[in-house]
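Labels below follow one simple rule: chain letters A, B, ... track the order of the sequence lines, proteins then strands, and each chain is numbered from 1.
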Number of protein chains: 2
Amino acid sequence: MTMTHPTATLVEDTTEVTSQTIRDALRDAIVDRRLAPGTKLSEADVGTIFKVSRTLARSALQALSYEGLVVVERNRGAFVASPSLEEARQIFASRRILEPGILAEAARRIGPAEIAALRHLLKEEERLIEARGQHARRAEIKASGDFHLALADMAGNAVLRRFMDELVARSSLVIALYGQSAISSCGHQEHEAIVTHIETGAIDEATAMMLHHIDHIEADLDLRAKTGSDLKEALLQSL
Amino acid sequence: MTMTHPTATLVEDTTEVTSQTIRDALRDAIVDRRLAPGTKLSEADVGTIFKVSRTLARSALQALSYEGLVVVERNRGAFVASPSLEEARQIFASRRILEPGILAEAARRIGPAEIAALRHLLKEEERLIEARGQHARRAEIKASGDFHLALADMAGNAVLRRFMDELVARSSLVIALYGQSAISSCGHQEHEAIVTHIETGAIDEATAMMLHHIDHIEADLDLRAKTGSDLKEALLQSL
DNA sequence: ACAGCTAAAATTGTATACGATCTGCGGAGA
DNA sequence: TCTCCGCAGATCGTATACAATTTTAGCTGT
């Protein structure tokens, strides 16, 4: 409770809410599936929740629409994206093209420290799989994506990293819509196998396993409907 | 001259200037190199030129920053992006990963009609190479990018297409900054070779040629400086 | 009861207003 | 002469105001 800044209206947790803050919070909520596909994201509501004007709320929603997480219809408003089956197919097709390349690039730069970091992620994944409760389940799904993003980080290419950011986030939406089983634990084992292959320098095998892994995720999809969820409740939960 | 809409203030060429219009015009100007890297893009100036408020101008600049064509520095303004050598390397590394995959995907869907369309593009390229003048040179550079984008279109994947959009546009910036020779005509011959290989079903050879082609473009880069250019003049030229 | 129309409410689109930050210039002092 | 300070102008960040569009509710007539 350090009152070092007398001018600040609140104690310290006010890290200046900006468009970026809102964007990140909304993205988290969408990727975490606290906001279901199709949910209406009214500018006024978002602004009110974050205590900013519609200007910033609108800016954040625009940004999310560029990432494909939100769809903005002119004069109608913004909605959490609801990818069609065709879009889903395209997203996974893109991952099949990008991820082997990222893996190859990353493998060339990975040392013992990076292997350790990946294994640490896998440990966390494992822990969450064993844990119970909805919160753990959400964290598990996010951890699964984080593995792919960590790999993208290690490729040392900001462009590829950003593309993967988008693909992983949209994949989460697709899984929310069409996934029939929760993330299967064999996905985790495939992650393990990939790391092991990288460690032993078996790049081709690591690549093959990565493709198998992506196929596996996509094979778990099925068609079904989903309804909207409540905006405010989902966001307040993240505080 | 159909005056069917008495309420409209202007005859018809007013296609309602929106954020999208401005974004496209600016992107064209940047990719066409009518706006040099580093050029300041003041919100007020952009708004004045397009006769809209700063709101829309700002929105367009934001959008361009998501594409990597513009860099926005807080409280300082927007500038035409000036990719570093490292960024340039990353952009081409990304293309080396994406384009072979796109090529493979496209090859599976390409029929006689698509081959004809590609050959038509090549004809246009050829014509521009032979033509003289700065305008022809700009058109030639754009045509070169259009070939890659046409291929991406034929892959039938909107996600990949958008990634390529960004990569081609940013490549244009990189070439503007670091390219030493103008687009060499051998680039055109490589395009020809790719189409021929696709037509004869030699996908592996087409892929190899594509990689060679990208290497070729990147090998033509060198380090040198560039100055800013005038915003208004560059934009008005496009009307 | 239901289809269609109209008016009011809600929501988005765009412009403007105002405060905050940065930039550039000129003068005071060493 | 050089450096540092401070003030004025310019530019950006955010909020608010107003216009345009969509949605909704209610009414009327069949």
Q. How many Å lie between CG on A:L41 and C1' on C:dT11, as a whole number?
A. 14 Å

Q: Provide, to the nearest angstrom, the distance between the NZ atom belonging to B:K51 and the C1' atom belonging to C:dT16.
A: 20 Å

**Q.** From CD (B:E218) to CD1 (B:I91), nearest 0.5 Å
**A.** 10.0 Å

Q: Round to the nearest Å and state the distance from B:Q62 atom CD to D:dC12 atom C1'.
A: 11 Å

Q | A:T55 side-chain proximity, nearest of C:dT16, D:dA15, D:dC12 | A | D:dA15

**Q.** Under-4.0 Å side-chain N/O to phosphate OP1/OP2 contact, A:R76 with D:dT23
**A.** yes

Q | Any donor-acceptor N/O pair, A:E43 side chain to A:A57 backbone, under 3.5 Å | A | no

**Q.** Nearest-nucleotide pick for A:K40, side chain only, options being D:dA15, C:dG13, C:dT11
**A.** C:dT11

Q: Select one nucleotide: of D:dC12, D:dT14, C:dT23, the one nearest the side-chain heavy atoms of A:E16.
A: D:dT14

Q: Could you tell me the separation between the CG atom of B:L61 and the P atom of D:dT11, rounded to a whole number of Å?
A: 14 Å

Q) Between D:dT21 atom C1' and A:N75 atom CG, what is the distance in whole Å? A) 5 Å

Q. Which nucleotide, C:dA15, C:dT12, D:dG13, lies nearest any side-chain atom of B:L56?
A. C:dA15

Q. For B:R54, which contact category applies under a 4.0 Å heavy-atom criterion: base, sugar-phosphate, or nothing?
A. base

**Q.** Phosphate contact (C:dT11 OP1 or OP2) by A:R74 side-chain N/O below 4.0 Å
**A.** no

Q. Rounded to the nearest Å, what distance is computed from the CZ atom of residue B:R58 to the P atom of nucleotide C:dA15?
A. 15 Å

Q) Between atom CD in A:Q20 and atom P in D:dT14, what is the gap in whole Å? A) 11 Å

(Q) Among A:H148, A:E114, A:R161, exactly one meets side chain to side chain contact (heavy atoms under 4.5 Å, CB included) together with A:D153. Which residue is that? (A) A:R161

Q: Mark yes or no for whether A:S59, through its side chain, and A:T55, through its backbone, hold a donor-acceptor pair below 3.5 Å.
A: no

(Q) Under 4.0 Å, counting only non-hydrogen atoms across every strand here, what does B:S42 touch: a base, just sugar-phosphate, or nothing? (A) sugar-phosphate

Q) Whole Å only: how far is the CG atom of B:D45 from the P atom of D:dT11? A) 7 Å

(Q) Using modelled atom types and a 3.5 Å cut-off, is there a donor and acceptor pairing between side-chain atoms of B:S84 and backbone atoms of B:E87? (A) yes

